[in-house]
Student: 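Structure below; questions to follow.
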Amino acid sequence: MSDLFSALRLPIPALPAGMVLLRRRADPAALWPVIQGLAAQSPFRFMTTKRGGTMAAAMTSAGACGWVSDARGYRYESRDPLTGQPWPAMPKAFAALAADAAAEAGFPGFAPDACLVNRYAVRAGMGLHRDGDERDFDQPIVSVSLGLPASFLVGGLDKDDKPQAIGLESGDVLVFGGPARLLYHGIRPVKAGEDPLFGPFRYNLTFRRAR
DNA sequence: AAGTGGCT
DNA sequence: AGAG
């Protein structure tokens, strides 16, 4: 990645202020069985957008509340609408990873109450959006990439701002808070491949303080 | 448009 | 045709 830029003598693009990338900070092998356990309780499902579209990434959640999208809009719910049961509890290993990464990035005391788990099959992506359904924007977002690599797009505070691409690999942890908290971001369609642990999928954990 | 499809 |  950065060797390409040095070989071409191009400036290495800097991350926006408030955004910290911790390469290979998470242990994919330790997280994989935890994700499987969550999915056994609250299965991955394809949610619909308020305008009737279907999201390309399958989702589930863990924690005191989970992110939900349907014809009524976006919100956090204490129960999984699919099972009628509370979402699976936030795994200890998840909470510890999120808190440690946030502290390392300059956001001490991060105690997420929601973890949205996205599963991208090959060719699935996510359009530019911002995480704006949380109560306190002083709390950062912690994003963990697992499985197939992806090109992450970071735009600006305006949706029309031209996004820059950042390559993310399994184990990478991205923290965005402060001035980066409400930046538009998205994921380019995942390229075909096979991860030794996760197979032909990319998983993403996003930790939030929703309430 | 947390979507697609089109354009380069 | 595929990537960005």
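A note on names: the letters A, B, ... follow the listed sequences, proteins ahead of strands, and every chain is numbered from 1.
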Student: dG5(B) and dA1(C): how far apart are their C1' atoms, nearest whole angstrom?
Tutor: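 Going atom to atom, C1' in each nucleotide, I get 16 Å.
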Student: For Asp195(A), enumerate each residue passing the salt bridge (charged side-chain N to carboxylate O under 4.0 Å, His left out) test, keeping only those at least two apart in sequence or located in another chain.
Tutor: none
Student: Which label fits Phe198(A) and Tyr203(A): parallel for a plane angle under 30°, tilted from 30 to 60°, or perpendicular past 60°?
Tutor: tilted
Student: Please verify the inter-ring angle class for His185(A) with Phe176(A); under 30° counts as parallel, over 60° as perpendicular, anything in between as tilted.
Tutor: perpendicular
Student: If you measure from the P atom in dT4(B) to the same atom in dT8(B), how many Å do you get, rounded?
Tutor: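 Roughly 23 Å separates the two P atoms.
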Student: Reckon Asp70(A) touches a base, only the sugar-phosphate, or nothing at all at heavy-atom distances under 4.0 Å?
Tutor: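 Counting heavy atoms under 4.0 Å across all strands, no contact is made by Asp70(A).
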Student: Can you confirm whether Val117(A) sits close enough to Phe44(A) that some side-chain heavy atom of one is under 4.5 Å from a side-chain heavy atom of the other?
Tutor: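 When only atoms from C-beta onward are counted, Phe44(A) and Val117(A) do touch, with a gap below 4.5 Å.
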Student: Rounded to whole angstrom units, what separation is found between the CZ atom of Arg202(A) and the P atom of dA2(B)?
Tutor: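 About 18 Å, once rounded to whole Å.
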Student: Can you tabulate the close N/O pairs, meaning under 3.5 Å, that link protein atoms to atoms of nucleotides 4-8 of chain B?
Tutor:
{"residue": "dT4(B)", "atom": "OP1", "partner": "Thr54(A)", "partner atom": "O", "Å": "3.2"}

Student: So what's the dot-bracket for DNA chain C: Watson-Crick or G-U pairs under 3.5 Å, [ ] if a pair crosses, | if it pairs off-strand?
Tutor: ..||
Student: Within this structure, what is the CZ-to-P distance between Arg51(A) and dA1(B), rounded to whole angstrom?
Tutor: 7 Å
Student: Starting at atom CZ of Phe46(A), determine the distance to atom P of dA2(B), rounded to an integer number of angstrom.
Tutor: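 These atoms are roughly 18 Å apart.
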Student: Determine the contact category for Ser69(A): base if any of its heavy atoms lies under 4.0 Å from a base atom, sugar-phosphate if only primed atoms, P, OP1 or OP2 are that close, otherwise nothing.
Tutor: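 Since no nucleic acid heavy atom lies under 4.0 Å of Ser69(A), the category is nothing.
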Student: Which whole-number value in Å describes the distance from Asp158(A) CG to dA1(B) P?
Tutor: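 My rounded result for the distance is 10 Å.
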Student: For Ala210(A), is there any backbone N or O sitting under 3.5 Å from a side-chain donor or acceptor partner on Asp113(A)?
Tutor: yes
Student: Is any side-chain N of the basic residue among Glu169(A) and Arg23(A) closer than 4.0 Å to the acidic one's carboxylate O?
Tutor: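 Answer for the salt bridge query: no.
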Student: Ignoring hydrogens, what is the shortest heavy-atom contact between Ser42(A) and Thr60(A)? Give both atom names and the distance.
Tutor: O-OG1, 2.6 Å
Student: Between Asp133(A) and Arg75(A), is there a side-chain heavy-atom distance shorter than 4.5 Å?
Tutor: no
Student: CE of Met59(A) versus C1' of dG3(B): gap in Å, rounded?
Tutor: 12 Å
Student: Distance only, no hydrogens: is a donor on one side chain within 3.5 Å (strictly under) of an acceptor on the other, for Asp80(A) and Ser61(A)?
Tutor: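 No, because no side-chain N or O of Asp80(A) sits under 3.5 Å from a partner of the opposite role on Ser61(A).
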Student: Ignoring backbone atoms, test whether Lys159(A) places a side-chain nitrogen or oxygen under 4.0 Å from the OP1 or OP2 oxygen of dA1(B).
Tutor: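 Answer yes for this pair, as a side-chain N or O of Lys159(A) is under 4.0 Å from OP1 or OP2.
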Student: Look at all strands and tell whether Asp131(A) reaches a base, only sugar-phosphate, or nothing, counting heavy atoms closer than 4.0 Å.
Tutor: base
Student: Could you check which nucleotide pairs with dA1(B) in any of the strands shown, counting Watson-Crick or G-U wobble with both distances under 3.5 Å?
Tutor: none
Student: Distance check needed: dA2(B) P versus Asp133(A) CG, whole Å only.
Tutor: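 About 10 Å, once rounded to whole Å.
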Student: Validate the cation-pi geometry between Arg181(A) and Phe137(A): distance from NZ or CZ to the six-membered ring centre under 6.0 Å, angle to the ring axis within 45°.
Tutor: no
Student: Expressed in angstrom and rounded to an integer, what is the separation of Arg45(A) atom CZ from dA2(B) atom C1'?
Tutor: 15 Å
Student: Starting at OH of Tyr74(A) and ending at C1' of dA1(B), how long is that distance when rounded to a whole Å?
Tutor: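 Value for this atom pair: 6 Å.
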